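If you're wondering where the values come from, they're calculated on a predicted model, not measured in any experiment. Only this structure's heavy atoms are used, side chains among them; waters, hydrogens and symmetry mates stay out.
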Amino acid sequence: MRRMFGTAAVLLSATLALSACGGGGGGGNPLETTSAAPTGSASGAGTVVIGSFDFDESVLLGSIYAQALEAKGVQVEEKPRIGSREVVYDQVKSGGLTLVPEYNGNLLAFIDQQNTATTTDEINTALKEKLPAEVEVLDAAPAEDKDTLSISKDTQTKQSLNTMEDLAKVSKDMIVGGPPEFKKRWEARFKDVYGIEFKQWKSTGPTTADAIKDGSIQVGNVFSTDPKITANNLVPLEDTKNIFPAQNVTPLLYKAGATDAVRTTLNGVSAKLTTEALLDMMQKIAVNKDEPATVAKEWLTANGLG
């Protein structure tokens with residue numbers, strides 16, 4: 001939900017992002033120095049300009065891509081925290097950015113709001129059909145940052161809950177929490193697909209993971225790479241029927257700005273990037289206050305990519 005956009009939200013966030021990226025006293029447009037890539041890198045390509053959205057996980061992923069390419073002799077320039085998908089997507093399409101870390105499910109929803117694909121393979125197939133000729137998606141990583149229904153470890157142990165199908169057997173005795181729009185978006189779908197009906201729905205917003213921990217709710221909508229999953233000892237239930245669309249980390253690339261060597265390097269990164277690894281890295285950033293670039297370097301080195 002965090003990165004999905006309704007029509008009104010798209011228009012608003014685009015306006016805000018464009019304003020935020022404009023000049024004024026805030027340091028100017030982070031894209032204003034982006035130009036045609038110079039030649040001369042070891043890869044034979046020009047400078048690969050890597051952007052990211054304005055949240056820590058995207059900055060981390062951008063740094064992972066950048067350092068992996070630099071290790072192969074590619075000249076790289078990073079443009080972190082640019083803003084919303086509306087701004088970033090257009091910059092990749094126009095060649096102002098060469099690369100951005102994307103989430104395949106939300107990218108598909110952005111370019112085709114009526115598409116009903118939910119699995120990784122379905123979404124990636126649809127993206128290849130729907131994306132304009134100027135851009136492409138590379139291999140999707142196993143790593144996902146997606147919606148989950150999560151419970152405490154204590155609840156899992158006491159009630160033997162591992163899947164959303166298991167949850168359906170006991171959900172009528174449970175209180176569920178999530179963002180304000182959570183009930184409206186998911187109540188009917190949970191019932192239709194899994195037979196899940198809750199005793200009560202609470203709007204818990206950013207405190208959802210803490211509310212699961214303190215017992216004020218028993219089930220909550222938590223994202224799969226939220227560091228509080230580890231900190232609060234939570235258990236995401238397996239979504240066996242794929243009610244939540246896949247959100248695999250997937251490089252979005254401006255075709256003319258990259259070589260096959262760049263593509264091969266990025267696909268090598270994706271092959272080793274798991275949800276567990278991303279959760280661990282986000283824990284270091286959110287809890288230990290480590291810098292994204294430092295965390296990225298550690299992961300690349302440990303996986304033979306740095």
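For Thr294, the side-chain contact (heavy atoms from CB on, under 4.5 Å) criterion is met by Glu291, Glu298, not counting sequence neighbours. With sequence neighbours left out, Glu134 forms a salt bridge (Lys or Arg N to Asp or Glu O under 4.0 Å) with no residue at all. Lys93 is linked by a salt bridge (Lys or Arg N to Asp or Glu O under 4.0 Å) to nothing, counting only residues two or more places apart in sequence or in another chain. Taking Thr264 as the reference, nothing meets the side-chain contact (heavy atoms from CB on, under 4.5 Å) condition, with sequence neighbours excluded. Partners of Thr265 according to the side-chain contact (heavy atoms from CB on, under 4.5 Å) rule, which considers only residues two or more places apart in sequence or in another chain, are Ala68, Leu69, Lys72. Residues satisfying the salt bridge (Lys or Arg N to Asp or Glu O under 4.0 Å) criterion with Lys184, sequence neighbours excluded, are absent altogether. Residues meeting the salt bridge (Lys or Arg N to Asp or Glu O under 4.0 Å) test with Lys289, sequence neighbours left out: none.
With respect to Asp54 and Arg81, a salt bridge is recorded, a charged nitrogen being found less than 4.0 Å from a carboxylate O. With respect to Glu197 and Lys172, a salt bridge is recorded, a charged nitrogen being found less than 4.0 Å from a carboxylate O. With respect to the salt-bridge test (charged N to carboxylate O, under 4.0 angstrom), the residues Asp112 and Lys130 qualify.
Side-chain contact between Gln283 and Asn288 is absent, with no heavy-atom pair separated by less than 4.5 Å. Residues Tyr254 and Leu99 are not in side-chain contact: their nearest non-hydrogen atoms beyond the backbone lie 4.5 Å or more apart. Contact check for Thr155 versus Leu161: side-chain heavy atoms found under the 4.5 Å cut-off. Using a 4.5 Å cut-off on side-chain heavy atoms (C-beta onward), Ser63 and Glu78 make contact. Asn221 has its side chain within reach of Pro179: a pair of non-hydrogen atoms, C-beta onward, lies under 4.5 Å apart. Inter-residue side-chain proximity for Leu253 and Val135 is flagged as unmet; no heavy-atom pair is nearer than 4.5 Å. By the 4.5 Å heavy-atom criterion applied to side chains, Met164 and Asp239 are counted as neighbours. A 4.5 Å side-chain heavy-atom check between Lys183 and Val176 finds every atom pair outside the cut-off.
Across Phe244 and Leu149, no two heavy atoms sit closer than the pair CE1-N, 4.0 Å. Nearest heavy-atom pair, Gly51 versus Val100, reported as atom, atom and distance to 0.1 Å: O-CG2, 3.5 Å. The two residues Trp299 and Val269 make their nearest non-hydrogen contact at CH2-O, 3.8 Å. Residue Lys284 comes nearest to Val295 through the heavy atom pair CB-CG2, 4.0 Å, listed as atom of the first residue, atom of the second, then distance. A pairwise comparison of heavy atoms in Asn248 and Pro142 identifies ND2-O, 3.8 Å as the closest pair. Among all heavy-atom pairs drawn from Val76 and Ala66, the shortest one is CG1-CB, 3.6 Å.
Each of Ile50, Leu252, Val48, Val88 was scored for a side-chain contact (heavy atoms from CB on, under 4.5 Å) with Leu97, with one residue passing: Val88.
The structure places CG of Asp154 at 11.0 Å from CD of Gln218, a figure rounded to the nearest 0.5 Å. Note: Lys297 NZ to Ile64 CD1 = 12.0 Å, rounded to the nearest 0.5 Å. Note that CG of Asp192 and CH2 of Trp186 are 12.0 Å apart. Values are rounded to the nearest 0.5 Å. In this structure, OH on Tyr103 lies 11.0 Å from CD on Glu144, to the nearest 0.5 angstrom. The CD atom of Glu57 lies 5.5 Å from the CG atom of Leu61; values are rounded to the nearest 0.5 Å. Of the inter-residue distances, the one linking Asn233 atom CG with Ser150 atom OG reads 11.5 Å to the nearest 0.5 angstrom.
The aromatic rings of Phe55 and Phe53 sit parallel to each other, their planes meeting at less than 30°, with 60° as the upper class boundary.
Among residue pairs with one or both ends in residues 202-215, those qualifying as side-chain hydrogen bond (donor to acceptor under 3.5 Å, both in side chains) are Thr204-Thr208, Asp210-Lys228, Asp210-Asn232, Asp214-Ser216; sequence neighbours excluded. Residue pairs that meet the salt bridge (Lys or Arg N to Asp or Glu O under 4.0 Å) test with at least one member in residues 113-129, sequence neighbours left out, do not exist here. Among pairs with a residue in residues 99-108, those fulfilling salt bridge (Lys or Arg N to Asp or Glu O under 4.0 Å) read Arg85-Glu102, at least two apart in sequence or across chains. Residue pairs meeting the ring pair (Phe, Tyr, Trp, His ring centres under 6.0 Å) criterion with at least one partner in residues 57-89, sequence neighbours excluded, are Tyr89-Phe110.
Asn303 places no side-chain N or O within donor-acceptor distance of the main-chain N or O of Leu305, the cut-off being under 3.5 Å. The backbone N or O of Val49 lies less than 3.5 Å from no partner atom in the side chain of Thr47, so there is not a single donor-acceptor pair. Between the side chain of Gln247 and the main chain of Asn106, a donor-acceptor pair closer than 3.5 Å is present. No donor-acceptor pair closer than 3.5 Å links the side chain of Asn104 to the backbone N or O of Asn124. Side chain of Arg263 to backbone of Thr259: a donor-acceptor contact under 3.5 angstrom is found.
Residues Asp166 and Tyr194 have side chains that never bring a donor and an acceptor to within less than 3.5 angstrom of each other. Neither side chain, Thr118 nor Asn242, offers a donor N or O lying under 3.5 Å from an acceptor on the other. No side-chain N or O of Ser270 forms a donor-acceptor pair with one of Asp139 less than 3.5 Å apart. No hydrogens or angles considered: a donor-acceptor pair under 3.5 Å links the side chains of Asn162 and Gln156.
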Next item on the list: Go through the steps to decide whether Lys79 and Glu77 satisfy the test salt bridge (charged side-chain N to carboxylate O under 4.0 Å, His left out), and finish with yes or no.
Entry: CA-CA 7 Å; Lys79 298 282 187 179; Glu77 181 179 1; 3.3 Å; yes

Next item on the list: Report the C-alpha distance between Asn115 and Ile123 in whole Å, list the side-chain angles of each, state the deciding distance to 0.1 Å, and finish with yes or no for side-chain contact (heavy atoms from CB on, under 4.5 Å).
Entry: CA-CA 9 Å; Asn115 203 292; Ile123 290 170; over 6 Å; no

Next item on the list: Start with the C-alpha gap between Ser84 and Glu86, add the side-chain angles, then the distance that decides, and say whether side-chain hydrogen bond (donor to acceptor under 3.5 Å, both in side chains) holds.
Entry: CA-CA 5 Å; Ser84 72; Glu86 291 75 26; 2.8 Å; yes

Checklist line | Stepwise side-chain contact (heavy atoms from CB on, under 4.5 Å) test for Thr163 and Leu167 | finding: CA-CA 6 Å; Thr163 70; Leu167 179 64; over 6 Å; no

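Using a 4.5 Å cut-off between side-chain heavy atoms of Ile, Leu, Val, Met, Phe, Trp and Tyr, Ile212 falls into a hydrophobic cluster with Ile175, Ile217, Val222, Ile229, Leu234, Leu279.
Leu300 and Val59 fall into different hydrophobic clusters, where Ile, Leu, Val, Met, Phe, Trp and Tyr are joined by side-chain heavy atoms under 4.5 Å apart, directly or via other members.
When the shell of 6.0 Å around NZ of Lys191 is examined, it contains 12 or fewer heavy atoms from other residues, nucleotides or ligands.
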